[in-house]
Amino acid sequence: MRIVSGEFGGRPLKTLPGKTTRPTSDKVRGAMFNMIGPYFGGGRVLDLFAGSGGLAIEAVSRGMSQAVLVERDRGAQAIIQENIKMTKSEGQFQLLKMDAGQALLQLDQVFDLIFLDPPYAKEEIVAMIELIDQKGLLGPEVMIVCETEKSVQLPEEIGSVGIWKEKIYGISKVTVYVR
């Protein structure tokens with residue numbers, strides 16, 4: 001795996017061996033960013049189930065200013081820290097070593113881009129978006145990018161956001177919510 005484009009484009013990303021995390025492939029990540037960007041003029045990104053950190057690092061590589069990555073698995077946390085170090089821009093990243101629910105209770109900043117790729121997709125995505133919305137963490141032009149198995153059907157609307165785009169890439173489905 002590698003960073004697809006932007007400032008860190010072409011640099012390799014480390015991933016956790018085994019099935020603890022499901023890293024988004026380069027192909028799906030590239031297609032996902034073409035769907036939502038592909039480049040940004042600043043902003044803050046939140047990756048709630050960071051895994052290897054690839055999505056948040058790609059977002060910063062493509063112009064986001066700051067990234068908050070949340071990961072509870074210790075092995076994945078170590079991989080994220082190595083991947084952040086590879087960027088040589090460590091100050092743009094913050095790793096919260098905790099469960100996504102705990103992190104949301106602590107966060108008090110507004111985000112412009114949010115990635116949700118939880119292990120148990122539908123129920124967790126709905127609950128997380130509702131909590132994020134209730135806590136006032138959604139920027140005025142926020143995009144929430146959800147990655148699920150292609151069979152998962154997410155609701156048309158969750159809180160103050162609704163589906164803007166939805167695409168299937170192989171076995172994955174990417175659903176983007178906006179206000």
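The structure displayed is predicted, hence computed values, not measured ones.
Side-chain contact between V176 and I144: absent, with no pair of heavy atoms (C-beta onward) separated by less than 4.5 Å. Contact of the F49 side chain with the V70 side chain is not registered, since no non-hydrogen atoms from C-beta on lie closer than 4.5 Å. I132 is listed as a side-chain neighbour of L104, based on a closest heavy-atom distance under 4.5 Å.
Cluster annotation: L95 is connected to F8 through the hydrophobic network of ILVMFWY side chains, with a link wherever side-chain heavy atoms come within less than 4.5 Å.
Judged by distance alone, the side chain of E156 and the main-chain N or O of G162 form no donor-acceptor pair under 3.5 Å. No donor-acceptor distance shorter than 3.5 angstrom exists from the side chain of R29 to the backbone of L55, with no hydrogens or angles considered. Here the side chain of E71 pairs a donor or acceptor atom with the backbone of D73 at under 3.5 angstrom. R62 contributes no side-chain N or O that, together with a main-chain N or O of I57, makes up a donor-acceptor pair within less than 3.5 Å. Side-chain atoms of D133 come within 3.5 Å of backbone N or O of S160 as a donor-acceptor pair. Listed for the R44 side chain is no donor-acceptor partner under 3.5 Å among the backbone atoms of S65. Of the possible donor and acceptor atoms, one in the side chain of N83 sits under 3.5 Å from a partner among the backbone N and O of K14.
Taking CD of E166 as the reference point, atom CD1 of I163 lies at 4.5 Å (rounded to 0.5 Å). To the nearest 0.5 angstrom, L48 atom CG is 9.0 Å from E124 atom CD. Note: Q102 CD to K97 NZ = 14.0 Å, rounded to the nearest 0.5 Å. In this structure, the separation between CD on E130 and NZ on K135 is 15.5 Å, given to the nearest 0.5 Å.
Between D99 and R72 there is a salt bridge, with a side-chain nitrogen of the basic residue lying less than 4.0 Å from a carboxylate oxygen of the acidic one.
In this structure, F115 and F33 have tilted ring planes: the angle between them lies in the 30° to 60° band.
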